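Report on one structure; see the data block that follows.
These numbers were taken from a predicted model, which means no experiment stands behind them. Just the heavy atoms: all of them, side chains too, but no hydrogens, waters or symmetry mates, feed the values below.
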2 protein chains.
Amino acid sequence: MATIYEVAALAGVSPATVSRVFNGNTVSPEKQRAVREAAAKLAFTPNKTARRLRKQSSEVIALLIPDIENPFFTALARGVEDRAQQAGFSVVLCNTDDDPGKELRYLQIAASEQMAGVILAPASDEADLGAIASLGSPVVAVDRTTPYPVDAVKVDNRAAGIAATTALFDAGHRRIACIAGPVGIESTEDRFLGWRQVMTTRRAAMPEGYLRHANFRADGGYAAMKDLLALPEPPEAVLTTNNLMGVGALQAVVEAGVDPSKFGLAVVGELPFMFLTPPAVVQVRLPARHLGTTAATMLLERIGGDAQPPRTVVLRAELA
Amino acid sequence: MATIYEVAALAGVSPATVSRVFNGNTVSPEKQRAVREAAAKLAFTPNKTARRLRKQSSEVIALLIPDIENPFFTALARGVEDRAQQAGFSVVLCNTDDDPGKELRYLQIAASEQMAGVILAPASDEADLGAIASLGSPVVAVDRTTPYPVDAVKVDNRAAGIAATTALFDAGHRRIACIAGPVGIESTEDRFLGWRQVMTTRRAAMPEGYLRHANFRADGGYAAMKDLLALPEPPEAVLTTNNLMGVGALQAVVEAGVDPSKFGLAVVGELPFMFLTPPAVVQVRLPARHLGTTAATMLLERIGGDAQPPRTVVLRAELA
DNA sequence: GAAGTCCAAGAAATCGATTTCGTCAAGGTC
DNA sequence: GACCTTGACGAAATCGATTTCTTGGACTTC
C-alpha cells in the first residue's frame with residue numbers, strides 16, 4: 001500500500017498537494033497530472049483509517065437488524081445497501097438477535113469506529129442511543145420506533161393487522177385466533193391490536209387462549225399453532241403477525257392433516273419462497289425493501305447536515 | 001468521547017500508562033486502579049480508528065457473499081459471525097451480487113480499512129486477491145475456490161450432485177434433466193458434473209436440451225423448468241444445482257398442473273422455508289453454517305499467525 | 001510603482017491511539 | 001561500595017491522512 005508521501009515524492013510535490021488533488025482543492029493542472037500519474041503508477045489508495053481519524057467521520061453506515069436469516073430483514077438490508085451504494089457509502093450489517101446486550105455492543109462499535117450513521121431496528125425500547133446520539137451521528141429507527149427523538153420509518157402495522165383480519169372475515173371465518181410475537185415488540189404488537197380491533201368491532205368471540213405470544217421464528221409459530229389446534233374449540237382461522245411464524249403455522253396445519261386451503265391463515269408479511277402458497281392464505285405484503293431505501297435516504301440527508309426536527313415516515317402495507 | 005489524554009490527566013499518569021493498562025502491560029496496582037476509575041468516570045472507549053492506524057490492523061473481518069437474500073449464504077454468514085464473535089471480532093457483510101466489479105471494490109475497501117482478514121465466496125475466477133494478499137491479510141475462500149493459493153472451505157459438490165441424481169434414479173426416474181447455474185461458477189459446475197457422471201455411468205439418455213444453464217435465482221429455475229416441460233419429450237425428473245433454482249422449478253411444476261409428488265425433483269441445497277415439501281423432492285443438505293464456522297476458524301488461525309501452506313477443507317453434504 | 005489581493009503550494013499541526021526509547025530508582029551480586 | 005539487572009513509567013515518535021498556517025509570487029488598482 002503506497003502512502004501519500006510516496007506519491008508526493010514521486011510526483012515531486014508535497015503530501016498536502018496530493019491530498020488536495022484527491023479532495024477537489026485548487027491545484028494547478030500540471031501538478032494535478034503529475035500527482036495522478038504517480039498515484040496510478042503506485043496503485044495508491046488513500047488509507048481510510050488515517051482519513052477517518054483526521055476527519056472524525058467515515059463513509060460507512062451501520063445497519064443493525066435482529067435476524068439476518070429473516071427474509072424481511074434481508075430485503076430491508078438490500079434497500080439500505082442499494083441506496084447507500086449510490087451515495088458512495090458502505091454498509092456494515094450487524095445481527096443483534098434481538099438481544100439488547102448485543103445491540104448495545106454494536107452501537108458502541110459504531111460510535112468508536114466513527115461510522116457516519118446508524119440505521120437500527122431496535123431490539124428493545126431501551127436501546128441506548130445516548131452514546132451514539134451524543135456523538136452527533138445521526139440515527140434512523142426502522143420497522144420499530146424508539147423513545148429517543150430520532151427519525152423513524154415504519155409500517156402502518158395496525159392497518160396491516162386490520163386488513164389481514166378483515167380479509168379472513170370476508171372469507172367467511174369467524175373464530176379467528178392470533179399468533180403474535182413476543183410482548184414488547186412494537187411492530188407485532190400493533191398488528192395484534194389491529195386484529196383485536198376488528199374482532200371487537202365485529203363482535204366476534206375471542207375465547208381464552210385465542211391469543212398466543214410466540215417467539216418470532218418458524219418454530220414459535222409452529223408450536224403456537226399446535227396449541228391452538230389442540231384447543232377444545234379450535235379456531236377456523238389464524239392471523240400470524242410476522243412472516244416466519246406464518247411459515248411455522250402453515251406447517252402445523254398441514255401436519256395436523258387439515259387442508260390448508262380450507263383453513264383460514266393470514267400472515268402479516270410474505271411467506272418467503274412460498275410460491276406454492278395455498279390460495280386461502282392471506283398475505284399483507286410489507287414494503288421491506290422500500291423501508292430500507294427510505295431509511296437510508298433519510299440517514300443520508302442527516303449525514304449531509306439536514307437538521308430539521310425528527311420525522312416519522314409511515315409506509316402502508318398492501319394486501320397481496 | 002473521552003480520549004486517552006483526558007483519562008491520563010484525570011488519573012494523574014501519562015497517556016502511555018493508560019494504554020498499558022488496557023493492553024495488559026506492566027503497570028503498578030495503584031496506577032492501574034487510578035486509571036480504571038478515571039476511565040469509568042469518563043466512560044472512556046478507546047478510539048478504534050486511532051488504534052487501527054497505529055497497529056495497522058483491526059478486529060474486523062470482511063465477509064463477501066454473492067447474495068444476501070439466499071438463505072444458504074445467510075446461514076453461512078451466521079456461522080462466520082458466531083465464530084468471529086467468540087473471538088472478539090466483528091464481521092462486516094458485503095453483498096457482491098456476483099459482480100466482479102463490486103467484489104473488487106469491496107476487496108479494496110477491506111484492504112484500505114485494514115481489516116484483519118477476508119472470507120470470500122468468489123464471484124469469479126478472476127477475483128483479484130493480489131491487493132489484499134500483498135498486504136499480508138489472510139484470505140479464506142468459501143463455497144468456491146480460486147486460483148490464488150489461499151485457504152479454502154468447500155463442499156464436495158460432485159458427490160452432492162451424484163447423490164441427488166442417484167436418488168432420482170433409485171426412485172425409478174430415467175429421463176432426468178439438469179438445471180445448472182451460470183457457466184463458470186465452480187460449485188454448481190461440479191454438481192452438474194456429478195449429474196453427468198451418473199447419467200453416463202447408468203447409460204441414461206441425455207437428449208439435447210436436458211441441460212439448462214440458468215441464473216442462480218428462483219426466476220432462473222422457474223424459466224428453465226418451463227422450457228423443459230415444453231420440450232417434445234419432457235423429463236420425468238429434474239436436478240437443480242442450487243436451492244433457489246429449486247424453488248423456481250417447483251413452482252413451475254405446480255403451475256403446469258403436474259403433481260409435484262409424482263414428478264422427480266432433486267435439489268442440491270435446501271428448499272428454504274419449505275416445510276410443505278412434497279415427499280418426492282430430494283434434497284441434499286449443504287452444511288452452510290458449518291462452512292461458515294470452519295472458514296472463520298481457519299481465518300482466525302491465520303490472523304493468529306499460523307503460516308502453514310494453504311489448506312483446502314472439503315465438507316460432505318448429506319442426503320436429507 | 002507602492003500597496004493590496006489572490007492563489008498555489010509547502011511546512012507543520014492535528015486526529016488518538018500504540019510503542020520505542022530513555023530515565024530513574026530499587027534490588028541483587030561479588 | 002561499585003556495578004549490573006530489572007521494572008515502572010514518562011517523553012516523544014509513529015501510523016497516514018487532512019487542514020491550518022505561512023510564504024512567495026503574480027496580478028490589480030490607484
Would you say that more than 12 heavy atoms from the other residues, nucleotides or ligands in this model lie under 6.0 Å from the CZ of Arg36(A), or not?
yes

What nucleic acid atoms does Phe22(A) come within less than 4.0 Å of, heavy atoms only: base, sugar-phosphate, or nothing?
nothing

Rounded to whole angstrom units, what separation is found between the OH atom of Tyr5(B) and the C1' atom of dC15(C)?
9 Å

Passing candidate, side-chain hydrogen bond (donor to acceptor under 3.5 Å, both in side chains) with Arg83(B), options Thr297(B), Thr294(B), Thr293(B):
Thr297(B)

Just to confirm, is there a sub-4.0 Å distance from OP1 or OP2 of dG16(C) to any side-chain nitrogen or oxygen of Gln114(A)?
no

How about Thr145(B) and Glu186(B): does a side-chain donor come under 3.5 Å of a side-chain acceptor?
yes

Check the distance between dG16(D)'s P and Phe44(A)'s CZ and give it to me in whole angstrom.
11 Å

Return the value, rounded to whole Å, for the distance between atom CD of Gln56(A) and atom C1' of dA17(C).
12 Å

Under-4.0 Å salt bridge between Glu113(A) and Arg52(B)
yes

Quick one: is Thr3(B) getting a side-chain N or O under 4.0 Å of the dG16(C) phosphate, OP1 or OP2?
no

Contact class for Arg52(A) vs. all strands (heavy atom < 4.0 Å): base, sugar-phosphate, or nothing?
nothing

Please report the distance, rounded to the nearest Å, between NZ in Lys55(B) and P in dG16(D).
16 Å

Which whole-number value in Å describes the distance from Arg51(B) CZ to dG16(D) P?
18 Å

Would you say Asn23(A) places a side-chain N or O within less than 4.0 Å of OP1 or OP2 belonging to dT18(D)?
yes

At 4.0 Å (heavy atoms only), tell me whether Val27(A) reaches a base, stays on the sugar-phosphate, or touches nothing.
sugar-phosphate

Checking contacts here: which listed nucleotide (dT18(D), dC15(D), dT20(C)) is nearest the side-chain heavy atoms of Arg54(B)?
dC15(D)

In whole angstrom, give the distance that lies between atom CG of Leu53(A) and atom C1' of dA13(C).
13 Å

When you measure from the side chain of Arg20(B), which nucleotide among dA17(C), dG16(D), dT20(C) comes out closest?
dT20(C)

Quick one: label Val13(A) by what it contacts on the DNA or RNA (base, sugar-phosphate, nothing), any heavy atom closer than 4.0 Å.
sugar-phosphate

Between Thr49(A) and dC15(D), is there a contact of a side-chain N or O with OP1 or OP2 at under 4.0 Å?
no

Do the side-chain N or O atoms of Thr17(A) get closer than 4.0 angstrom to the phosphate oxygens (OP1, OP2) of dG10(C)?
yes

dT18(C) C1' sits how many Å from Lys48(B) NZ, rounded?
16 Å

Distance, rounded to the nearest Å, where Glu113(A) contributes CD and dA17(C) contributes P
13 Å

Picking from dC15(C), dA9(C), dA17(C), the nucleotide nearest the side-chain atoms of Ile4(B) would be dA17(C)

Does Lys31(B) have a side-chain nitrogen or oxygen under 4.0 Å from the phosphate oxygens OP1 or OP2 of dG10(D)?
yes

Taking the basic N atoms (NZ, or NE/NH1/NH2) and the acidic carboxylate oxygens, is any pair closer than 4.0 Å for Arg105(B) and Asp99(B)?
no

So which one's nearest nucleotide on DNA chain D is more toward 5', Thr26(B) or Ala16(B)?
Thr26(B)

Taking NZ, NE, NH1 and NH2 as the nitrogens, is one of them in Arg33(B) or Glu37(B) under 4.0 Å from a carboxylate oxygen of the other?
yes

